[in-house]
Amino acid sequence: IGQFQTMYLNAVLAAIVILVLFEPLRAKVEQQIHAVFFRERYDLERAISEARNKLVYVLELDELRHVVVSALEQSRRATAAALYLSDATGQAFELAAGLGDNPPKRIEVATVRPLVDRLAQGPVLLEEIGREVAESREAGEGPASEEAAVLAAAAVLGPLREGVVLPIRDGHGGLAGILVVADDRVRDAFSPDEVALLESLASQIGVVAENSQVYRRMQERDRLAALGQMAA
């Protein structure tokens with residue numbers, strides 16, 4: 001509009017136009033981002049809360065598998081997941097339930113010892129560790145041996161090797177299993193709050209797994225008692 005003499009007027013008019021167009025657009029974009037973000041968080045929180053309420057009354061492992069897998073499917077926050085429980089010897093984890101691509105059926109504890117040791121500190125975010133190792137290598141620095149060992153051990157998880165690994169504890173604090181959840185659609189798929197939600201689910205699974213063992217022992221004792229009575 002006009003010549004050089006109106007340059008400042010043009011700048012003011014342009015600023016007004018930008019503000020008129022940008023402010024509503026920015027508000028709309030922020031609204032959509034918050035809606036998506038908090039809805040995903042809400043869906044995950046709701047699914048895990050419902051699962052934990054159901055697990056209070058669960059004593060059978062088959063029902064445990066169904067509740068856990070259904071919760072993760074309903075949350076729409078996981079493209080793959082696997083629940084592993086310790087076998088009778090305590091030397092391996094056996095697949096109890098899976099979601100998505102085929103996870104390994106059995107994991108030897110000795111093979112994933114660095115990962116098991118790291119779980120003593122809490123949940124392990126394998127994607128974050130992988131990024132730290134890659135950045136160290138790009139910078140010409142050798143990655144820390146502990147992180148590299150954890151990453152190498154996680155390779156046996158196959159499609160879940162970049163997921164979040166959560167410890168499942170028994171009543172004595174021992175490692176009774178692991179829960180692995182992954183979302184390969186985005187980087188840093190799970191925030192610290194969401195990891196805490198998944199950790200609460202893993203804690204509830206540990207209670208159910210221990211109660212299930214007690215329940216099976218009681219059933220076996222009653223069965224033997226009935227057989228003894230029949231024999232008498």
Side-chain angles (χ1 to χ4, degrees), residues 40 43-55 58-116 118-119 123-130 150-170 174-187 189-190 194-195 197-213 216:
E40 288 184 346
D43 288 342
L44 180 64
E45 187 172 3
R46 177 179 54 80
I48 289 180
S49 177
E50 291 178 358
R52 294 190 64 190
N53 290 335
K54 292 178 181 177
L55 290 175
V58 172
L59 288 174
E60 297 286 353
L61 288 181
D62 288 340
E63 191 174 357
L64 168 65
R65 300 183 187 102
H66 174 72
V67 171
V68 172
V69 171
S70 297
L72 294 175
E73 286 179 336
Q74 292 173 8
S75 72
R76 297 180 294 181
R77 292 302 317 282
T79 56
L83 169 62
Y84 291 94
L85 296 177
S86 180
D87 66 0
T89 66
Q91 301 301 314
F93 298 117
E94 295 182 344
L95 181 65
L99 172 67
D101 294 336
N102 295 327
K105 302 294 184 183
R106 181 181 174 88
I107 298 174
E108 299 293 335
V109 173
T111 305
V112 293
R113 175 57 62 184
L115 177 58
V116 170
R118 176 63 71 89
L119 286 171
V124 178
L125 281 69
L126 295 174
E127 182 184 6
E128 182 177 322
I129 294 177
V150 170
L151 206 59
V156 303
L157 295 174
L160 297 166
R161 60 184 176 274
E162 294 185 352
V164 179
V165 185
L166 304 114
I168 297 173
R169 303 287 181 189
D170 58 23
L175 190 63
I178 56 175
L179 175 64
V180 191
V181 184
D183 185 351
D184 58 11
R185 295 170 295 186
V186 294
R187 295 183 59 183
F190 300 102
E194 291 169 335
V195 172
L197 288 173
L198 293 170
E199 193 174 9
S200 69
L201 177 61
S203 176
Q204 189 74 24
I205 291 172
V207 173
V208 175
E210 187 170 16
N211 290 343
S212 172
Q213 292 179 355
R216 286 200 302 271

Between CD1 of I168 and CD1 of I178, what distance do you get to the nearest 0.5 Å? 8.0 Å
For D43 and R76, work out which heavy atoms get closest and say how close. OD2-NH2, 2.6 Å
How far apart are the closest heavy atoms of P114 and T111, and which atoms are they? CD-O, 4.5 Å
Report yes if some heavy atom in the side chain of L126 is under 4.5 Å from a heavy atom in the side chain of L115; otherwise report no. yes
Pairwise side-chain contact, I129 with R118, heavy-atom cut-off 4.5 Å (strictly under): yes
Looking only at atom types and distance, does a side-chain atom of S70 sit under 3.5 Å from a main-chain N or O of H66, one as donor and one as acceptor? yes
When you check the gap from the basic side-chain N to the acidic O, do E50 and K54 get nearer than 4.0 Å? no
What residues, two or more places apart in sequence or in another chain, satisfy side-chain hydrogen bond (donor to acceptor under 3.5 Å, both in side chains) together with R187? none
Any sub-3.5 Å donor-acceptor pair from Y84's side-chain atoms to V180's backbone N or O? no
Backbone N or O of A47 within a donor-acceptor pair of the S75 side chain at under 3.5 Å? no
Hey, mind stepping through E194 and V164 against side-chain contact (heavy atoms from CB on, under 4.5 Å) and telling me if it holds? CA-CA 11 Å; E194 291 169 335; V164 179; over 6 Å; no
For E108 and Q91 the tightest heavy-atom approach is OE1-O, 3.4 Å
Could I get the full list of salt bridge (charged side-chain N to carboxylate O under 4.0 Å, His left out) partners for R113, not counting sequence neighbours? D117
Could you tell me the separation between the CG atom of N53 and the CD1 atom of I48, rounded to the nearest 0.5 Å? 12.0 Å
Is the backbone N or O of L59 less than 3.5 Å from a side-chain atom of S212, with the two atoms forming a donor-acceptor pair by type? yes
May I have the list of side-chain donor-acceptor pairs in residues 198-206 shorter than 3.5 Å, sequence neighbours left out?
unit_1	atom_1	unit_2	atom_2	d
S200	OG	L197	O	2.5

Locate the shortest heavy-atom distance separating E60 from V58; write the atom from each residue and the value. O-CG1, 3.4 Å
Taking all non-hydrogen atoms of both residues into account, name the closest pair between D170 and E210 and its distance. C-OE1, 3.7 Å
Residue pair E162 / D184, side-chain heavy-atom distance below 4.5 Å: no
Say you draw a straight line from CG of L44 to CG of D183; how long is it, rounded to the nearest 0.5 Å? 10.5 Å
Got a second to check how far L83's CG is from L95's CG, nearest 0.5 Å? 7.5 Å
In sequence, state the C-alpha distance, the side-chain angles, and the governing distance for L175 and F93, and then conclude on side-chain contact (heavy atoms from CB on, under 4.5 Å). CA-CA 10 Å; L175 190 63; F93 298 117; 3.6 Å; yes
For the CG atom of L85 and the CG atom of L64, what is their distance to the nearest 0.5 Å? 6.5 Å
Taking the side chain as C-beta and beyond, is there a heavy-atom pair between I107 and L157 under 4.5 Å? yes
In this structure, are over 12 heavy atoms from other groups packed under 6.0 Å from R65 atom CZ? yes
When every non-hydrogen atom of P104 is compared with those of V156, the smallest separation belongs to CG-O, 3.2 Å
